Colleague: 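I have a structure here, written as structure tokens, and I will follow up with some questions on it.
Reckoned from all heavy atoms, side chains included, excluding hydrogens, waters and symmetry mates. In what follows, chains carry the letters A, B, and so on, assigned in the order in which the sequence lines appear, proteins first and then strands, with residues in each chain numbered from 1. A quick note: this is a predicted structure, and the numbers were derived from the prediction, not measured.
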Amino acid sequence: MALRIYNSLTKTKEVFTPIIPGKVNMYVCGVTVYDRCHMGHARCAVVFDVIVKYLRHKGYDVTYVRNFTDIDDKIIKRANEEGENWQVIAERHIKGFHRDMDGLGVERATIEPRATDHIQDMINTIQKLIHKDHAYQADGDVFFAVNTFPGYGKLSGKKLEELEAGARVQVDTRKRNPLDFSLWKESKPGEPAWESPWGKGRPGWHIECSAMSSKYLGDTFDIHGGGQDLIFPHHENEIAQSEAATGKVLARYWIHNGFVYINKEKMSKSLGNIFTIQEALRIYHPEVIRLFLISHHYRGPLDFSDVIINETEAALERFYKTLKAIDDSLVGLKEELPLDRVELKGDEREIYEKLKELPVKFECAMDDDFNTALAIGHMFDAARALNRFMDLYPQKEDSIFLSILSYGKKQFGKLGHILGILVSEPAQYLEDQRARKLRLLNIDVSEIEAKIEERNLARREKDWARADKIRAELAKRGILLEDGPEKTTWRVV
RNA sequence: GGCGGCAUAGCCAAGUGGUAAGGCAGCGGUCUGCAAAACCGUUAUUCUCCGGUUCGAAUCCGGAUGCCGCCUCCA
């Protein structure tokens, strides 16, 4: 089945055909490094991480470029506020970005170029635009002339006249059109500056992406992505600059992910409801955060709340419990049978077929504009079937039974890898979660174990009232006991 | 003011013409000393509302209402 992608440029789902068969060149706008990363950045990074992993799973050779904007007004402002060099600020937040993304299991991009390493490339692009009369100099500044690019507005669906009418920005009288934007900015004394044909200055915001994408991926590449808020003006301006300079189409497919909300409010600095990745990772397992981010379609809005993330936690735990149960059974596996060459009976056949079908259904969902929510639904389906199979199968030592479980485990591992979930050892995951929750609740393990010992004594004497009382006490503190056939285990709710 | 998006059970969520995936929570059952976990069964005759197209619509078209985003830095 063919992969179809919703293209923001045409506003339709299109069959994905790369320029070079088997090869995908993709550029995603990264972050401006002046502050800590929040859940919005996490969503963008995780969404494109899954897209890259899926494309690679489908056999594409993917070159993924994600930039760092390490020179910008906000960085300079932050440096002044904190009384530090702007480079120190940028460097610190690049490190922070990597720490956060590593924490979330987001793979590094193939190339992570920095704007300040490409000043000369940008100057070259700007000169090209001036020569072609798409840009003009005004004192030490250079502006892009939007009137010279007929396609201006094709991505955001805006018309020049309407934009002009609604322009709220204070108009710079040197601009030929109020919507003309800076390619190069003259620097004020004390500001970071580079030599250029127009004097000392620094690049405008949009030009770095045009210069760096063409340098690493060519004038035309396959996929360009980023957050929805970048559609206008950033991506619109990028298209204008690049296409005016080269006369070629910049990118063939545009992918934009939706926003993250916190309790139905858009996350924003002014509302003070920024939820940083560091905070999230302190409270939740990285895979819980990932599952939360991909349980919803990437284009829609995503509302974060305690209730919803706790539901996600329960859902992921369900997966891991199934996998743990498989692991526990698999201890007895002596030789794994080739299931496609073994005669399987009713239930065995049914579950085997279901497990075999799972990747097909998964890919079918992912091929439809990366429908991760549906893909995960199929995985839950299979997990339930596996649980049932384990519950009902009469001989738990049987090698057919165990071989089927092993096969199921492999299928889950394969698909989980694409999504970046279920990559921990089940026992380890469950233990990590318990430790994490105990840390948040501030409870001591030995105390719990002593209580359990005390209760088991009571149980042996069939003193149920006392046993129940101990259990209730622990339950009140968030510790839930589970009496198994061998021993009593506990978990944190 | 201009442009665009969304509206599916108690909650989250998939579903773009063929008769409502999945998760959480709830309820009944199996199991258990009782629980928990797991399993089985169950929970929307209906997809914000009103019209229209069609043999057939949550899905397409028109209108209404509500919520939201972009137009200014933002993933």
Colleague: Mind checking A:Arg455 for me? I need base, sugar-phosphate or nothing, with any heavy atom below 4.0 Å counting as a touch.
Modeller: base
Colleague: Does the ring of A:Phe259 meet both stacking tests against the six-membered base ring of B:rA75: centre distance under 5.5 Å and plane angle under 30°?
Modeller: no
Colleague: Among B:rG33, B:rG23, B:rC73, which is the nearest nucleotide to the side chain of A:Arg318?
Modeller: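 Given the options B:rG33, B:rG23, B:rC73, the side chain of A:Arg318 is closest to B:rG23.
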Colleague: Take atom P in B:rC74 and the same atom in B:rU65, then report the distance between them in whole Å.
Modeller: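 Pairwise P distance, B:rC74 against B:rU65, rounds to 34 Å.
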Colleague: Should we count NZ of A:Lys77 as having more than 12 external heavy atoms under 6.0 Å?
Modeller: no
Colleague: Give a yes or no on whether a salt bridge exists between A:Lys53 and A:Glu107, defined as a side-chain N under 4.0 angstrom from a carboxylate O.
Modeller: yes
Colleague: Return yes if the base of B:rC71 and the side-chain atoms of A:Lys159 contain a donor-acceptor N/O pair under 3.5 Å, otherwise no.
Modeller: no
Colleague: Using a cut-off of less than 4.0 Å, is there contact between a side-chain N or O of A:Asn371 and OP1 or OP2 of B:rG15?
Modeller: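 Answer yes for this pair, as a side-chain N or O of A:Asn371 is under 4.0 Å from OP1 or OP2.
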Colleague: Taking B:rU59 as the reference, what is the distance to B:rU19 when you measure between their C1' atoms (whole Å, please)?
Modeller: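 About 12 Å, rounded to a whole number of Å.
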Colleague: Say you pick atom C1' in B:rC67 and the same atom in B:rC40; how far apart are they, in whole Å?
Modeller: 40 Å
Colleague: When you compare B:rC71 with B:rU54, how far apart are their P atoms, in angstrom units rounded to a whole number?
Modeller: 43 Å
Colleague: Would you measure the distance from the P atom in B:rU8 across to the matching atom in B:rG29 and give it in whole Å?
Modeller: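 Pairwise P distance, B:rU8 against B:rG29, rounds to 33 Å.
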Colleague: Counting any heavy atom closer than 4.0 Å, what does A:Asn387 reach on the DNA or RNA strands: base, sugar-phosphate only, or nothing?
Modeller: sugar-phosphate
Colleague: Please determine, for the side chain of A:Lys158, which listed nucleotide (B:rA35, B:rA14, B:rC71) has the closest atom?
Modeller: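 Closest nucleotide among those given: B:rC71.
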